[in-house]
Amino acid sequence: MTIATTNPVTGQVLKTYEAMSDEQLDDAIERTDLAYRQLCGTTLEQRGWWMNTVADLLEAERDEIARLMTTEMGKTLAAAKAEVTKCAAACRFYAERAAEFLADEPADARAVSATRAFVRYQPIGPVLAVMPWNFPLWQVMRFAAPALMAGNTGLLKHASSVPQTALLLEDVFRRAGFPEGAFTTLLVGADAVDRILSDTRVRAATLTGSEAAGRSIAQIAGRELKKTVLELGGSDPFVVMPSADVELAAEVATTARCQNNGQSCIAAKRFIVHTDVYDVFAEAFAHRMSALRVGDPMDDDTDVGPLASEGGRDEVDAQVRDAVDKGASVLCGGEKPGGAGWFYPPTVVADLNPGMRMWAEEVFGPVAGLYRVSSYDDAIELANGTAFGLGSNAWTRDPQEQERFATDLEAGAVFINGITTSYPQLPFGGVKKSGYGRELSAQGMREFCNVKTVWMGVGTAPAGAGVHSE
């Protein structure tokens, strides 16, 4: 098992790590379980102070952390800095709002023959987080901030290609004052996940990753009867209707497709354009995509850095080649460059059909599929004609169409006239094969809570007691 930092700009291995032994892994789980016993007994005010200190550390060390992320997975330095800033904001959000999100919720006591009845949210224990490399800080923090504020502890099995970022996260939580073991990084391979999740001390799991990884986690958790939250792949539609501001839509589409070097589950991937504006959009979109600067992600002038792995770049190229061989047209890009590094140019592919891999598969790189439709109904049919349902975009200035898109698009999120993104204030997750459960917002915080019913009476049997129970 290789756990290493490999620079995607050069392909050079910079640092390697030994995977934990079984004994080391057991000790780490034990520390995290003991930390849970301590953390769940602290006050929200104390946890909030620690979480705000995490934010302080992230902000103070932003540039150093950003350079580390860029070195490990190739995102542009500007994007990496923005990711650190977003993580700090999420920490502050949960530090501020946890008391509100976890407050007891009163119920109608009279309706249940009680003197008092309410719902209480309490932590459940250590939670395993299996996280990907593409947003190596944000993907983790959007789980860790709400989970630790709720009183849970975290075990991080990060992608094996970003070990330094994974270790940095543990260090930040420790330096912020959280109990030793409250957030623990496990340097292990995927083969250790079954053992970890099967451990009785681990109470639940969350995963962001591929459909195959989600199935594996769900199978283990099902066998062990443990809660899971899964955020899997996406093949997000970006629909452009005749009333849209087409130039603005093309501008946003370029960012939506190429953010994070095209390696984002919620990046727009299928661009579904009404025939009345198709030609104008296609020309503007291809022009903007071809104008993006590909290069060293540490460079301020770079728009698109390398893909995170050689295998990932080869897979993207194979999907494009498959489409071209079966009759697709390439409006820009489409050629894998030679030389060092795992670069791929921003690419627009048109004239797609169901026989091509790009029609059904998620393309995890800066490659856009362009589709022509002749009506709203055709746009919806094509947008929903995928196994995925994570995010979605629709561009229209027609109020009736806006309302219809909000209802008709089969996705965990619908963004009208704007780019799909995630906010701590809004729930995040998908439907269909994009997974289940929610991260972020109050819903995300409560995913790993015991939603406990509390009924209080006067000490005598209420009227009707014993008539029916289950």
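This structure is a prediction, so every number in the text was calculated from the model and none was measured. One is the number of the first residue; the rest follow in order along the sequence.
For the side-chain contact (heavy atoms from CB on, under 4.5 Å) test, residues two or more places apart in sequence or in another chain that qualify with Thr85 are Arg62. For Arg142, the salt bridge (Lys or Arg N to Asp or Glu O under 4.0 Å) partners are Glu231, Glu439, not counting sequence neighbours. Every residue two or more places apart in sequence or in another chain was checked for a ring-ring contact (aromatic ring centres under 6.0 Å, His included) with Phe428, and none qualifies. Scanning for ring-ring contact (aromatic ring centres under 6.0 Å, His included) contacts around Tyr121 gives an empty result, with sequence neighbours left out. Every residue meeting the salt bridge (Lys or Arg N to Asp or Glu O under 4.0 Å) condition with Arg357, not counting sequence neighbours, appears here in chain and number order: Glu315, Glu361. Scored by the ring-ring contact (aromatic ring centres under 6.0 Å, His included) test, Phe281 finds Phe285 as partners (sequence neighbours excluded).
Ring planes of Phe93 and Phe101: tilted class, angle from 30 to 60°.
For the residue pair Gln164 and Thr5, a side-chain donor N or O sits within less than 3.5 Å of a side-chain acceptor on the partner. Using modelled atom types and a 3.5 Å distance limit, the side chains of Thr396 and Ser243 yield a donor-acceptor pair. Side-chain contact of Lys86 with Ser422: a donor-acceptor pair under 3.5 Å is present, judged by distance alone. Remark: the Ser160 side chain and the Tyr17 side chain contain no N/O donor-acceptor pair separated by less than 3.5 Å. Inspection of the Thr32 and Thr184 side chains reveals an N or O donor paired with an N or O acceptor under 3.5 Å.
Among residue pairs with one or both ends in residues 374-410, those qualifying as ring-ring contact (aromatic ring centres under 6.0 Å, His included) are Phe238-Trp395, Tyr376-Phe405; sequence neighbours excluded. Applying the salt bridge (Lys or Arg N to Asp or Glu O under 4.0 Å) test to pairs two or more places apart or on separate chains, those with a residue in residues 284-301 are Arg293-Asp303. Evaluation of the ring-ring contact (aromatic ring centres under 6.0 Å, His included) test over residues 313-341, restricted to residues two or more places apart or in two chains, returns none. Here ring-ring contact (aromatic ring centres under 6.0 Å, His included) pairs that include residues 127-165, with residues two or more places apart or in two chains, are Trp133-Phe364.
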Test salt bridge (charged side-chain N to carboxylate O under 4.0 Å, His left out) applied to Asp378 and Arg372, step by step: CA-CA 9 Å; Asp378 288 345; Arg372 185 195 296 263; over 6 Å; no

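With respect to the salt-bridge test (charged N to carboxylate O, under 4.0 angstrom), the residues Asp322 and Lys326 qualify. Ion pairing between Asp236 and Arg257 fails under the 4.0 Å rule for side-chain N and carboxylate O.
Remark: side-chain polar atoms of Lys226 are paired, donor with acceptor, to backbone N or O of Val202 under 3.5 angstrom.
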Going by atom type alone, with no hydrogens or angles, which donor-acceptor pairs under 3.5 Å involve a side-chain atom of residues 329-346 and a protein atom two or more places apart or on another chain?
{"from": "Ser329", "atom 1": "OG", "to": "Asp351", "atom 2": "OD2", "distance (Å)": "2.5"}
{"from": "Lys336", "atom 1": "NZ", "to": "Asp314", "atom 2": "OD1", "distance (Å)": "3.3"}
{"from": "Tyr344", "atom 1": "OH", "to": "Asp317", "atom 2": "OD1", "distance (Å)": "3.4"}
{"from": "Tyr344", "atom 1": "OH", "to": "Gly334", "atom 2": "O", "distance (Å)": "3.4"}

Return all side-chain donor-acceptor pairs below 3.5 angstrom for residues 215-222, not counting sequence neighbours, or 'none' if the list is empty.
{"from": "Arg215", "atom 1": "NE", "to": "Glu211", "atom 2": "OE2", "distance (Å)": "3.4"}
{"from": "Arg215", "atom 1": "NH2", "to": "Glu211", "atom 2": "OE2", "distance (Å)": "2.9"}

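With a 4.5 Å cut-off on side-chain heavy atoms, Pro136 and Glu72 do not count as touching.
When all heavy atoms of Leu148 and Leu39 are compared, the closest pair comes out as O-CD2, 3.9 Å.
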